[in-house]
Amino acid sequence: MSHTSGVRQAQKAKTRRALMDAALRLLEDQSLSSLGLREVTRAVGVAPAAFYRHFRDLSDLGVTLVEECLGSLHHMIRAILADQDGDEERIDATVEAVAEHVRRYPAHIRFIARERHGGVRAVREAIAAELGGFADEVAAAFAPSLSPEGWPPEDVRMLAELYVDHMVMTATAFLEAQAAARGGTGAGRGEPGAVQEEARGGQDEIGVDRPGPLADPRGARPGRSEDERRVAATARKQLLLISLGRRHWRDG
């Protein structure tokens, strides 16, 4: 690749990232179905025609945001399921991973929460597909321990879907708690470190670094607000309840 071609590709990636970040900022106050393409390009400072070098339309941009957000969460949770053996350790690590993901990428999580049942069909379907794939991965991780206990595949899948739905619910609860701690809706236009944090380094995708060691698995991590601690503690209890029910599911 020539130097000129490399510079051109880098500029294209930078513009693509800027369009995605601008869309996220604008989506703080509206749904994707009400967002105008010219609003996005105006915020970036490019001509509307430049948009089509990166995305077919706003639905395509929305699908890309879905894949970016949920795809990175897949990596974290898959690593947790592979690395943690005990139920409590797995639960603690899962709750912490979700909290950290929301803290790092609140605009993405808000977008997913709003558009999961929103008016853009392609985005709804993309979210459903990502969550379905997520459930497949969780089911595959659970199957080796559950199948020998007589669990049929459909029950393993049902448990996996319950696990994934709980993570989405917990992410939304953390988002609201973190926004309350900041005294606003969170990740707004005037708040540093929200969308800007996601664009750091001009990367095309969200990083998938796993969170560090837990300060306290029951939610008392330093710097966490009272609302966040309450969300973490509730999520942990709910997952423990799911785990308890799993152990006795085949008793009848």
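Owing to the predicted nature of the structure, the values given are computational and were not obtained by experimental measurement. Side-chain atoms are counted along with the backbone in the values below, which use heavy atoms only and exclude waters and symmetry mates.
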Original post:
Does the Arg90 side chain pair with the main chain of Ile80, one donor and one acceptor, at a distance under 3.5 Å?
Top reply: no
Original post:
What is the minimum heavy-atom distance between Gly36 and Leu58, and which atoms define it?
Top reply: C-CD1, 3.8 Å
Original post:
With Asp227, which residues qualify under side-chain hydrogen bond (donor to acceptor under 3.5 Å, both in side chains), at least two apart?
Top reply: Arg230
Subject >> CG on Leu65 to CG on Leu24, rounded to 0.5 Å >> reply: 5.0 Å
Original post:
Does any non-hydrogen side-chain atom of Arg250 lie less than 4.5 Å from one of Asp155?
Top reply: yes
Original post:
Under 3.5 Å, side chain of Thr234 to main-chain N/O of Val231, donor-acceptor pair present?
Top reply: no
Subject >> Gap separating the CD atom of Glu130 from the CD atom of Glu67, nearest 0.5 angstrom >> reply: 5.5 Å
Original post:
Do Arg246 and Asp87 touch side chain to side chain, with heavy atoms closer than 4.5 Å?
Top reply: yes
Subject >> Over all atoms of both residues, closest heavy-atom pair of Ala97 and Met76 >> reply: O-CE, 4.0 Å
**OP:** Could you tell me how the ring of Phe51 sits relative to the ring of Phe55: parallel (under 30°), tilted (30 to 60°) or perpendicular (over 60°)?
**Re:** tilted
Subject >> Audit row: Ile127, Phe111, side-chain contact (heavy atoms from CB on, under 4.5 Å) steps and yes/no >> reply: CA-CA 11 Å; Ile127 294 173; Phe111 170 73; 5.6 Å; no
Subject >> Closest non-hydrogen atom pair between Val63 and Ala122, with its separation >> reply: CG2-O, 3.7 Å
Original post:
Which pair of non-hydrogen atoms, one from Val120 and one from Ser59, has the smallest distance, and what is that distance?
Top reply: CG1-OG, 3.3 Å
Original post:
If you measure from the Lys or Arg side-chain nitrogens to the Asp or Glu carboxylate oxygens, is any gap between Glu96 and Arg224 under 4.0 Å?
Top reply: yes
Original post:
Should Ile242 and Leu244 be counted in the same cluster of Ile, Leu, Val, Met, Phe, Trp and Tyr side chains packed under 4.5 Å apart?
Top reply: no
Original post:
Just by modelled atom types, is the Ile91 backbone N or O under 3.5 Å from a matching donor or acceptor in the Arg236 side chain?
Top reply: no
Subject >> Distance (rounded to the nearest 0.5 Å) between Arg56 CZ and Thr64 OG1 >> reply: 8.0 Å
Original post:
Any side-chain heavy atom of Cys69 within less than 4.5 Å of one from His101?
Top reply: yes
Subject >> Pairwise distance OH(Tyr163) to CG(Leu159) - rounded to 0.5 angstrom >> reply: 9.5 Å
Original post:
Out of curiosity, does Tyr105 fall in the hydrophobic cluster containing Met169 (side-chain heavy atoms, cut-off under 4.5 Å, transitive links)?
Top reply: no
Original post:
Is a side-chain N or O of Glu115 found less than 3.5 angstrom from the main chain of Leu32, in a donor-acceptor match?
Top reply: yes
**OP:** Enter the distance from His54:NE2 to Lys12:NZ here, rounded to the nearest 0.5 Å.
**Re:** 6.5 Å
**OP:** Go through the steps for Glu68 and Arg17 under the test salt bridge (Lys or Arg N to Asp or Glu O under 4.0 Å), then give the verdict.
**Re:** CA-CA 11 Å; Glu68 182 178 66; Arg17 181 74 261 171; 2.6 Å; yes
**OP:** Indicate the atoms forming the closest heavy-atom contact of Glu39 with Ser34, along with that distance.
**Re:** OE2-O, 3.9 Å
Original post:
Is atom CZ of Arg247 surrounded by more than 12 heavy atoms (other residues, nucleotides or ligands) closer than 6.0 Å?
Top reply: yes
**OP:** Could you tell me whether a side-chain N or O of Arg25 sits under 3.5 Å from a main-chain N or O of Ala43, the two making a donor and an acceptor?
**Re:** no
Subject >> Inter-residue atom distance Ile77.CD1 - Leu70.CG, 0.5 Å rounding >> reply: 11.0 Å
Original post:
With a 4.5 Å heavy-atom cut-off, do Thr15 and Gln11 have their side chains touching?
Top reply: yes
**OP:** For residues Arg38 and Pro48, report the shortest heavy-atom separation together with the two atoms involved.
**Re:** NH1-CG, 3.3 Å
